[in-house]
Student: 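Sharing a structure, written as structure tokens. Questions coming.
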Amino acid sequence: MVQITLPDGSVRPFERPPSGAEIAAAIGPGLAKAALAIRVDGKIKDLATVIERDAKIAIVTPKDKDGLDLIRHDAAHVMAEAVKELFPETQVTIGPVIENGFYYDFARPTPFVPEDIEKIEARMHEIVKRDEPLKREVWQRDKAVGFFDSIGEKYKAELIHSFPAGEDISLYRQGEFIDLCRGPHLPSTGKLGHAFKLMKLAGAYWRGDSRNEMLQRIYGTAWADEKQLKAYLTMLEEAEKRDHRRLGREMGLFHLQDIAPGAVFWHPKGWTLYRTALEYMRRRLEGAGYVEVNTPQLLDRSLWEASGHWEKFRQAMFTSEAEEKVLAIKPMNCPCHVQIFRQGITSYRQLPIRMAEFGACHRNEPSGALHGLMRVRAFTQDDAHIFCTEAQIPEETKAFCDLLMGVYRDFGFTDVVVKFSDRPALRAGADETWDKAEKALKDATQAAGLETILNPGEGAFYGPKLEFVLRDTIGREWQCGTLQVDFVLPERLDANYVGEDGNKHRPVMLHRAILGSFERFIGILIEHYAGKLPLWLAPEQAVVATITDKAAGYAKTVAAALKEAGIRTVLDLRNEKIDYKIREHSVAKLPLILVVGAREAEEKSVALRRLGGKAQEILALGDAVARLKEEAAGPRSGAA
RNA sequence: GCCGGCGUAGCUCAGGGGUAGAGCAACGCAUUCGUAAUGCGUGGGUCAGGGGUUCAAAUCCCUUCGCCGGCACCA
């Protein structure tokens, strides 16, 4: 007698040890049909698993997150089976579940071409129709290695070699195809259903190492039903519509050009947006007790040798020559800031010094990494270095976290994940120093009311760091802010201050940024808002559009009044129908349209229409200006 | 950097050995209009760059550059 406890707490006795499928059938025929796997005391197993003793179980269906993962995992296996049938010379390697789908990496002498993908997908649907049962088999390790070697699957054999010795190996058989896999799996290929689609073809290195051979990866997406699949595909289309590269062009913000890979040509509107963000940051930093500096672009090689960049980051640095000297274009501002710190003698009374620079940096990013504004070679950071004593780390960190969260809020981001990266295996500095630095960072984030996720061993070699990740409207994550504790650079570049005791001491440097690079952050803003920027950031905030020439004189008065109030205003006096003008300015995502015709000119009013809205609001000119001035001024928090 | 795809007018794209095309945009003329596209007309090209095959190349081949999707990288 086996007692099976169901999720609702009820207990069912079975005469003989039942399989998962039998339990599902005992509960009901609907569930039996939907059943994909069984959860036994919290662990997912094949539906065929026989439950030998009393247990708490749950039947896994496509509605579970786990069930969906099973579907995706099986989709990968079915794809591998399809590939083996169509292209028998191909070797299979690994095929995991990923967010929204799955992939499988294949090894073959010639890469797949896009038409192959269609054939593979069609074959997958056939395999689902065949409804092949999946059977788990447990093999001895040596036998498994021998088997995979014998059928020419050397990657699988290599995988088994990397598994712990003495462990039995599980294989799953479906039709003619047999694959190394931990499982669990669906009972048969028919359970996969047809809500999947192969998405893209890509190269990927074996075991993620660029020294290894490149495999052919096929990505796919898979869902519990057609409706979910369609929703996902629609979401991808929506994401494409908010692509900052497309919107940047459509809205006339910037362009990129072959003659300057990884560098941005900012057009007037884009530059206005950039400046608005920069001036906002400048105001916030001033309010938070920072001083702003500006340092050279080209610096002698000797500085970079001293800082350690020449040794570690040479390949990412652009260099130039002048009179037989090698100069490097700065990839970072920090060594320059230490130079300013070193001028004259600094007293402990002056610390902390918060030194900010909107410094233009260049990094020679690999060509394949470049991506619109998100990954560029020339960029400007909202960079600052806080020179302080060890004792000041907690309060400076707390103050920084507060400032950062306020800034994100003002830009419209409230969902922020904080990652805490602690000491890496290879590091500089004594363990006691690390203890102090890590504790200080952690305490300070707590004091600032922030939860952190541990990122073990991912700190910089010179100190622990915090990383601030924003989540945008459609759920994507962007790492923007950072705070790094650095004991090394002050040492290498010989920065000192005179302490209370009259002796020389090393300051600690906190490297910190909130937006990261302006280029990238503006890209994120564009995508977050799908181009519909909040009023205070919009490059053109208002347009005054006339209905007839008769209102032109008055329209000029209205535009002048708005400009006088500091609102970025354009005037549209063109001889076009008002429908045309409204459509054009709406497509351009201009937040405020003020329509004026004979009636408004007569009454000294405006008809205000907001982007996306249908209704118009008739306001007296003076009221409109006063109200819009207030709205367009932007966030007030922390303003200096 | 690596694998695959792509590069034709400002944008979106058709054309695939024999005179370079469309829509939108731009420009001109007419229209003076009440909340998401008025009509007619005009101009616009090193078919990414270089080399080759051919009587003839946007088209076929080689190569360089750039872009796109991944991978690796992201100090």
Side-chain angles (χ1 to χ4, degrees), chain A residues 98 103 105-108 110-117 199-219 240 243 245-246 249-250 252 255-262 304 307-317 331-332 334 361 363-372 374-377 379 460-462 465 467 479 482 484 486 489 511 516-517 520 545-552 573-588 590 593-600 607-618:
Chain A
I98 53 172
Y103 68 79
D105 284 347
F106 301 97
R108 63 201 316 271
T110 52
F112 289 117
V113 294
E115 297 82 74
D116 293 338
I117 297 302
M199 303 296 285
K200 52 201 171 194
L201 207 48
Y205 298 106
W206 169 236
R207 303 207 141 176
D209 190 329
S210 60
R211 288 167 302 188
N212 290 342
E213 56 274 42
M214 184 158 269
L215 308 172
Q216 299 299 312
R217 176 172 297 178
I218 303 176
Y219 284 95
E240 204 174 309
D243 188 314
R245 293 166 298 189
R246 173 188 177 136
R249 188 179 53 238
E250 285 174 4
H255 85 272
L256 297 150
Q257 208 178 325
D258 294 4
I259 52 170
W304 305 108
S307 70
H309 288 84
W310 198 257
E311 185 196 348
K312 280 206 75 172
F313 313 120
R314 172 74 188 87
Q315 82 292 342
M317 291 166 68
M332 296 178 180
C334 27
C361 294
R363 297 178 189 176
N364 193 0
E365 302 285 357
S367 58
L370 301 180
H371 180 90
M374 301 303 188
R375 192 81 179 271
V376 287
R377 286 183 176 149
F379 56 92
F461 73 92
Y462 49 73
K465 62 183 178 188
E467 284 168 0
Q479 200 216 301
T482 183
Q484 305 174 9
D486 181 2
L489 204 59
H511 303 243
S517 97
R520 183 159 177 277
T546 49
I547 291 171
T548 73
D549 284 351
K550 288 181 216 113
L573 300 176
R574 290 175 305 170
N575 175 16
E576 297 289 354
K577 286 170 67 173
I578 195 63
D579 302 68
Y580 180 88
K581 293 185 182 182
I582 285 173
R583 176 178 157 79
E584 204 181 64
H585 297 302
S586 301
V587 168
L590 230 141
I593 302 175
L594 292 89
V595 174
V596 297
R599 205 150 63 215
E600 286 76 13
L608 175 66
R609 179 191 171 113
R610 289 169 190 273
L611 178 58
K614 285 264 177 270
Q616 50 172 329
E617 202 179 352
I618 310 293

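Worth saying up front: this structure is predicted, and the values here are computed from it rather than measured. Within every chain, numbering begins at 1; the chains are lettered A, B, ... in the order of the sequence lines, protein sequences first and strands thereafter.
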Student: With distance as the sole criterion, do the side chain of A/R207 and the base of B/C71 form a donor-acceptor contact below 3.5 Å?
Tutor: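 Per atom types, no contact qualifies.
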
Student: Between B/U35, B/U32, B/G4, spot the one nearest the side chain of A/P111, thanks.
Tutor: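 Taking heavy atoms from C-beta onward, the closest nucleotide is B/G4.
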
Student: Which nucleotide, if any, forms a Watson-Crick or G-U wobble pair with B/G7, using both distances under 3.5 Å?
Tutor: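 The answer is B/C65, by the H-bond criterion.
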
Student: Rounded to whole Å, please give me the gap between CZ in A/F379 and P in B/C74.
Tutor: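 The distance from CZ of A/F379 to P of B/C74 comes to 14 Å, rounded to the nearest Å.
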
Student: Between A/P261 and A/P114, who's closer to the 5' end of RNA chain B by nearest nucleotide?
Tutor: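 Nearest nucleotide further toward 5': that of A/P114.
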
Student: Need one value for A/H309: base, sugar-phosphate or nothing, where a base atom within 4.0 Å counts as base even if backbone is also close, heavy atoms only.
Tutor: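 Here A/H309 touches no strand at all.
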
Student: Hey, does the side chain of A/K465 reach the backbone of A/H511 with a donor-acceptor pair shorter than 3.5 angstrom?
Tutor: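 No, the answer is negative, given that no donor and acceptor are paired below the 3.5 Å cut-off.
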
Student: Measure the distance from CZ on A/F106 to C1' on B/G4 and round it to the nearest whole Å.
Tutor: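 To the nearest whole Å, that distance equals 15 Å.
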
Student: A/Y580 near the nucleic acid: base, sugar-phosphate alone, or nothing, with a heavy-atom cut-off under 4.0 Å?
Tutor: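 If one applies the 4.0 Å heavy-atom cut-off, A/Y580 turns out to touch the sugar-phosphate alone, with no base involved.
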
Student: Can you check the distance between B/G43 and B/C61, where both ends of the measurement are the C1' atom (answer in whole Å)?
Tutor: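 Going atom to atom, C1' in each nucleotide, I get 37 Å.
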
Student: Using a heavy-atom cut-off of 4.0 Å across all strands, would you classify A/E600 as base, sugar-phosphate, or nothing?
Tutor: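 Base: the residue A/E600, judged by heavy atoms under 4.0 Å, touches a nucleobase.
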
Student: Could you check whether A/Y103 gets within reach of a base, just the sugar-phosphate, or nothing at all, counting any heavy atom under 4.0 Å?
Tutor: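 No contact.
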
Student: What does A/A598 touch in the nucleic acid at a heavy-atom separation under 4.0 angstrom: a base, only the sugar-phosphate, or nothing?
Tutor: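 The answer is base, as A/A598 lies within the cut-off (heavy atoms under 4.0 Å) of a base atom.
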
Student: Is the distance from OP1 or OP2 of B/C67 to the nearest side-chain N or O of A/R245 less than 4.0 Å?
Tutor: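 For B/C67, neither OP1 nor OP2 has a side-chain N or O of A/R245 closer than 4.0 Å.
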
Student: Determine the interatomic distance between C1' on B/U12 and the same-named atom on B/G17; round to the nearest Å.
Tutor: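 Straight-line distance between the two C1' atoms is 27 Å.
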
Student: Looking at B/C71, which nucleotide sits across from it as a Watson-Crick or G-U wobble partner, both distances under 3.5 angstrom, or is there none?
Tutor: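 Pairing partner, where one exists within any strand: B/G1.
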
Student: By the 4.0 Å heavy-atom rule, please label A/P366 as base, sugar-phosphate, or nothing.
Tutor: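 Since a base atom lies under 4.0 Å of A/P366, the category is base.
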
Student: Of all the heavy-atom pairs spanning A/C361 and A/P331, show the shortest one and how long it is.
Tutor: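 Of all heavy-atom pairs spanning A/C361 and A/P331, the closest is CB-O, 3.6 Å.
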
Student: Sort out the partner of B/U32 for me: Watson-Crick or G-U wobble, both distances under 3.5 Å, none otherwise.
Tutor: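 Result: none.
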
Student: Should the heavy atoms of other residues, nucleotides or ligands under 6.0 Å from CD of A/Q315 be counted, would the total exceed 12?
Tutor: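 Counting other residues, nucleotides and ligands, CD of A/Q315 exceeds 12 neighbours.
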
Student: Is a donor-acceptor pair below 3.5 Å formed from side chain A/R609 to base B/A36, judging by atom type as modelled?
Tutor: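 It does, because a donor-acceptor pair links the side chain of A/R609 to the base of B/A36 below 3.5 Å.
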
Student: Are A/Q484 and A/Y462 close enough that some pair of their side-chain heavy atoms sits under 4.5 Å apart?
Tutor: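 Sidechains of A/Y462 and A/Q484: in contact.
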
Student: Within the structure shown, what part of the strands sits under 4.0 Å from A/R610 by heavy-atom distance: base, sugar-phosphate, or nothing?
Tutor: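 No contact.
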
Student: B/G18 and B/U59: how far apart are their P atoms, nearest whole angstrom?
Tutor: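 Per the computed distance, 11 Å lies between those P atoms.
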
Student: Look at all strands and tell whether A/D549 reaches a base, only sugar-phosphate, or nothing, counting heavy atoms closer than 4.0 Å.
Tutor: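 Base contact - A/D549 has a heavy atom under 4.0 Å of at least one base atom.
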
Student: Just the rounded figure in Å: distance from P of B/A75 to CE of A/M317.
Tutor: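 Distance, rounded to whole Å: 15 Å.
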
Student: Starting at CE of A/M317, measure out to CH2 of A/W310 and round the result to the nearest 0.5 Å.
Tutor: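 Here the interatomic distance stands at 5.5 Å.
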
Student: Polar pairs (N or O, both sides) under 3.5 Å between protein and nucleotides 6-10 of chain B?
Tutor:
none

Student: So what does A/S210 hit on the nucleic acid, given a heavy-atom distance under 4.0 Å: a base, only sugar-phosphate, or nothing?
Tutor: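 Sugar-phosphate contact only.
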
Student: For A/Q216, answer base if it contacts any base atom (sugar-phosphate contacts may also be present), sugar-phosphate if it contacts only those atoms, and nothing otherwise; contact means non-hydrogen atoms under 4.0 Å.
Tutor: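 Touches sugar-phosphate only.
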
Student: Starting from C1' on B/G69, measure out to OH on A/Y219 and report it in whole angstrom.
Tutor: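 The distance from OH of A/Y219 to C1' of B/G69 comes to 9 Å, rounded to the nearest Å.
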
Student: Does any N or O in the side chain of A/E584 come within less than 3.5 Å of the main-chain N or O of A/K581, such that one atom is a donor and the other an acceptor?
Tutor: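 No.
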
Student: Give me the distance, rounded to whole Å, that separates B/A58 from B/G7 when you measure between the C1' atoms they each carry.
Tutor: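 Taking atom C1' in both B/A58 and B/G7, they lie 11 Å apart.
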
Student: Classify the nucleic acid contact of A/I578 as base, sugar-phosphate or nothing, counting any heavy atom under 4.0 Å across all strands shown.
Tutor: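 A/I578: backbone/sugar contact only, no base atoms under 4.0 Å.
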
Student: Expressed as a whole number of Å, how far does the P atom of B/G10 sit from that of B/C27?
Tutor: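 Per the computed distance, 15 Å lies between those P atoms.
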
Student: Is a donor on one side and an acceptor on the other found under 3.5 Å between the side chain of A/R377 and the backbone of A/E365?
Tutor: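 Pair found, side chain donor or acceptor close to backbone of A/E365.
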
Student: Starting at atom CD of A/E576, determine the distance to atom C1' of B/G34, rounded to an integer number of angstrom.
Tutor: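 Interatomic distance, CD of A/E576 to C1' of B/G34: 15 Å.
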
Student: Mind checking if A/A204 touches a base, just sugar-phosphate, or nothing, with heavy atoms under 4.0 Å?
Tutor: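 If one applies the 4.0 Å heavy-atom cut-off, A/A204 turns out to touch the sugar-phosphate alone, with no base involved.
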
Student: Before accepting this row, confirm whether a basic side-chain N of the pair A/R245/A/D243 lies closer than 4.0 Å to the acidic partner's carboxylate O.
Tutor: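 The answer is yes: the pair qualifies as a salt bridge.
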
Student: Please figure out whether A/F313 or A/L215 has its closest RNA chain B nucleotide nearer the 5' end.
Tutor: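 Result: A/L215.
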
Student: Can you tell me how far P of B/U35 sits from CG of A/L594, to the nearest Å?
Tutor: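 Checked: the CG to P distance equals 16 Å.
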
Student: P atom, B/A14 versus B/C60: distance in rounded Å?
Tutor: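 Pairwise P distance, B/A14 against B/C60, rounds to 15 Å.
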
Student: Using purine N1 to pyrimidine N3 plus N6-O4 or O6-N4 for Watson-Crick, or N1-O2 and O6-N3 for G-U wobble, each under 3.5 Å, what pairs with B/U53?
Tutor: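 Answer to the pairing question: none, since B/U53 forms no Watson-Crick or G-U pair.
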
Student: Please report, rounded to the nearest Å, how far the P atom of B/G34 is from the CD1 atom of A/I593.
Tutor: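 Atom-to-atom, A/I593 to B/G34, this comes out as 16 Å.
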
Student: Is a donor-acceptor contact shorter than 3.5 angstrom present between the side chain of A/R211 and the base of B/A72?
Tutor: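 Checked by distance alone, the answer is no.
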
Student: Students often get this wrong, so: under 4.0 angstrom with heavy atoms, is A/K550 touching a base, only sugar-phosphate, or nothing?
Tutor: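 The answer is sugar-phosphate, as A/K550 gets under 4.0 Å only of primed atoms, P, OP1 or OP2.
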
Student: Please confirm whether the shortest side-chain N or O distance from A/K200 to OP1 or OP2 of B/G70 is below 4.0 Å.
Tutor: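 A/K200 to B/G70 OP1/OP2: side-chain N or O found under 4.0 Å.
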
Student: What's the gap between B/U54 and B/U64 when it is taken at their C1' atoms, as a whole Å value?
Tutor: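 Here B/U54 and B/U64 have their C1' atoms 23 Å from each other.
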
Student: What's the NE2-C1' distance between A/H371 and B/C71, to the nearest Å?
Tutor: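 After rounding, the gap between these two atoms is 15 Å.
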
Student: Give me the distance, rounded to whole Å, that separates B/C13 from B/C6 when you measure between the C1' atoms they each carry.
Tutor: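 The answer is 13 Å between these two C1' atoms.
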
Student: By the 4.0 Å heavy-atom rule, please label A/K577 as base, sugar-phosphate, or nothing.
Tutor: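 Touches a base.
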
Student: Going by purine N1 to pyrimidine N3 plus the second Watson-Crick contact, or the G-U wobble pair, all under 3.5 Å, which nucleotide sits opposite B/U19?
Tutor: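 Across all strands, not a single nucleotide pairs with B/U19.
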
Student: Of all the choices, B/A75, B/C74, B/C2, which nucleotide is nearest to the side chain of A/Y205 once you look at every atom?
Tutor: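 Selected nucleotide: B/C2.
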
